[in-house]
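All remarks here apply to the structure that follows.
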Amino acid sequence: MCGIVGYVGERESLGIAFDALRRMEYRGYDSAGIAVAGGPGLAVVKRAGKLANLEDKIAEVGSESLNGTTAIGHTRWATHGRPTDENAHPHVSYDGKVAIVHNGIIENFAPLRDELTQRGIELRSETDSEVAAHLLALAYNEGETAGDLRASALHVLNRLEGAFTLLFLHEDHPDQIIAARRSTPLMVGVGEGEMFLGSDVAAFIEHTKEAVELMQDSVVVITKDDFEILNFNGTPAEGKPFTIDWDLAAAEKGGFDSFMMKEIFEQPAAVRDTLAGHWDGNRVTLDESNLTNDDLKSFDQVFVIACGSAYHSGLAAKYAIEHWVRIPVQIEVASEFRYRDPILDERTLVLAISQSGETADTLEAVRHAKTQGAKVLAVCNTNGSQIPRESDAVLYTHAGPEIGVASTKAFLAQVAANYIVGLALAQAKGTKYPDEIRQIWDELESIPGKIAEVLGAKDQVDHISETLGAVKTMLFLGRGVGYPIALEGALKLKELAYIHAEGFPAGELKHGPIALIEEGLPVVVIVPSPRGVSQLHSKIVSNIQEIRARGAKTIVIAEEGDTAVEPYSNWLVRIPQTPTIMQPLLATVPLQFLSADIARENGNEDIDKPRNLAKSVTVE
Ligand code: M6R
């Protein structure tokens with residue numbers, strides 16, 4: 001949710017922390033701040049709003065007042081307390097000596113606040129986080145742990161309930177940062193003569209490729225030359241070392257004006273890399289996932305749990321898996337799943353889909369599914385994150401880092417990964433012949449090239465937003481696997497352009513939503529392939545006529561050569577011919593462009609950071 005960074009070294013830490021926050025900003029942009037030590041004293045600068053506001057503030061106070069070789073920084077997605085300067089992190093203790101940054105929620109902050117108030121300590125913010133700064137100062141200044149920073153930090157951490165990543169910086173110990181994690185992520189970056197901390201590796205990717213992931217309930221003390229990991233009781237603990245395989249370019253815009261646009265253009269590679277290694281020439285393989293053929297054979301139902309775009313990818317998978325494997329697939333938004341008492345057992349495969357691997361709703365749903373005896377397979381883009389760690393098996397998407405808050409390439413990679421799972425199930429259960437599986441696999445492998453064609457024809461979409469005029473509401477219609485595409489298109493438009501948008505199954509329109517259609521209302525229609533055997537194509541052509549008759553302006557996404565839709569399209573966007581089941585991998589792309597264009601027409605220039613959102617939602 002929030003982005004956290006830390007640095008101890010010999011260089012000026014302000015610039016390093018600021019650049020790290022720039023890369024972390026996708027995790028939240030309600031406010032940002034940095035605390036520096038190791039110079040004249042402890043200095044803190046913070047500001048509500050995006051990082052640009054913090055930059056202005058630094059210029060105002062003068063960077064020379066923020067000299068020092070140790071820094072902690074924070075970019076916030078507000079939970080407790082509005083996005084104001086006071087509520088921005090770092091928070092400073094009553095004696096001015098401790099600065100803390102926090103990601104997560106301290107659930108017992110109310111009694112802790114009361115306790116501090118009774119001690120005469122005045123809390124300056126509305127946050128749950130500030131208590132940690134005062135508690136550390138108290139523990140360091142008096143009582144059994146007085147004068148011992150490490151013991152004081154452990155004492156405080158053991159009093160906190162909830163989920164947190166916390167970094168502590170003390171003016172009298174500018175050579176170290178003490179940090180802890182419970183449920184929210186924290187990585188150590190191991191440099192030469194310098195150490196880094198980050199909510200994810202993007203925080204320090206420009207300085208080192210060597211990282212250590214902290215495990216649940218771990219504390220780490222970093223100095224410029226070393227790091228030491230402990231349990232919450234102070235005994236030694238292990239982290240998980242790894243080498244970062246994302247390069248710096250992947251975390252930069254690479255000449256595009258936004259991360260999102262760059263990521264849209266990375267979609268052929270995202271799908272290609274996700275498929276890579278899962279076909280051995282004859283068979284679909286799930287080798288790295290930790291699922292055996294016997295496991296796959298044993299499942300008699302699939303339950304998909306996910307949120308947002310990941311949910312839409314799962315909905316596409318429902319159509320594919322039921323069609324290929326002939327077992328029921330249920331799908332539910334993760335935030336509803338565990339409160340509904342779903343019926344699962346050891347013959348249930350739960351597919352938990354998450355780009356970040358951190359989404360609290362999905363994580364809790366995974367935990368619930370495991371208590372019911374189901375086997376959980378995570379489809380995830382972030383190596384070593386919590387959801388794969390707690391799942392029985394994992395299939396990684398290889399989309400690379402997705403920085404734009406609105407999901408694009410990760411969504412397409414999820415669809416591809418879900419389809420790999422579907423084909424592996426069909427293969428294990430023998431519901432498709434090997435040559436049918438090979439044929440579907442060949443179709444999948446042709447998709448990256450087809451996505452590249454859609455990207456190359458971006459100008460088809462460019463003129464739509466220019467001629468559309470002001471849009472207040474937009475509808476998206478699809479049938480079959482076109483329905484999840486409609487939902488994803490509507491979500492992108494809401495997120496980026498702040499326009500009311502709804503996705504509907506086209507056949508459902510006449511059961512109510514058609515009342516929304518009025519003269520000039522733009523409606524996007526995703527048209528299935530006319531070459532399919534089902535009657536979906538002719539049905540949707542009828543639906544288009546019904547809405548046109550009521551004054552709607554239609555933006556039709558249809559495959560090349562589909563002439564039946566031409567008379568009923570105000571704007572026609574062509575995608576390459578492909579079996580309808582593969583359409584989510586192609587038809588979503590023009591909708592991503594369309595949302596970005598309309599967002600800009602509406603004056604939202606910063607499509608990477610839509611208002612009120614955060615990339616990973618680590619609170620329920
Ligand atoms: O990291 P996750 O895939 O678990 O995130 C799920 C949703 O929060 C995410 O897809 C969200 O809906 C995006 N903003 C969509 O663009």
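Heads up: numbering here begins at 1 and tracks the sequence.
With a 4.5 Å cut-off on side-chain heavy atoms, D128 and N108 do not count as touching. Counting heavy atoms from C-beta outward, V421 and L395 have side chains that approach closer than 4.5 Å. Here the side chains of V524 and L477 are not in contact, with every heavy-atom distance at 4.5 Å or above. Residues I305 and Y311 fail the side-chain proximity criterion, which asks for heavy atoms closer than 4.5 Å.
The side chain to side chain donor-acceptor pair (under 3.5 Å) pairs that include a residue from residues 411-437 are S313-N418, where partners are two or more places apart or lie in different chains. Applying the salt bridge (Lys or Arg N to Asp or Glu O under 4.0 Å) test to every pair with at least one member in residues 406-427, sequence neighbours left out, gives these pairs: E266-K409.
Between E390 and K370 there is no salt bridge, since no side-chain nitrogen of the basic residue lies less than 4.0 Å from a carboxylate oxygen of the acidic one. Under a 4.0 Å N-O distance rule, the pair R272/E445 does not qualify as a salt bridge. The residues D217 and R182 are annotated as salt-bridged, a charged nitrogen and a carboxylate oxygen being separated by less than 4.0 angstrom. A salt bridge links E364 with R367; the closest basic N to acidic carboxylate O contact falls under 4.0 Å.
For the 3.5 Å distance criterion, the side chains of R438 and N282 qualify, holding a donor opposite an acceptor. Looking only at atom types and distance, the side chain of E210 has a donor-acceptor partner in the side chain of T243 under 3.5 Å away. With no hydrogens or angles considered, a side-chain donor-acceptor pair links D345 and T348 at under 3.5 Å. No donor-acceptor contact under 3.5 angstrom links the side chains of H537 and Q535, judged on distance only. One side chain, T184 or T165, offers a donor N or O that lies under 3.5 Å from an acceptor on the other. Inspection of the S529 and E559 side chains reveals an N or O donor paired with an N or O acceptor under 3.5 Å. With 3.5 Å as the limit, one finds a donor-acceptor pair spanning the side chains of T235 and N233.
Ring centroids of F337 and F303 are separated by less than 6.0 Å, placing the two rings close together.
Just one residue in the list I485, V379, L444, L585 forms a side chain to side chain contact (heavy atoms under 4.5 Å, CB included) with V415, and that residue is L585.
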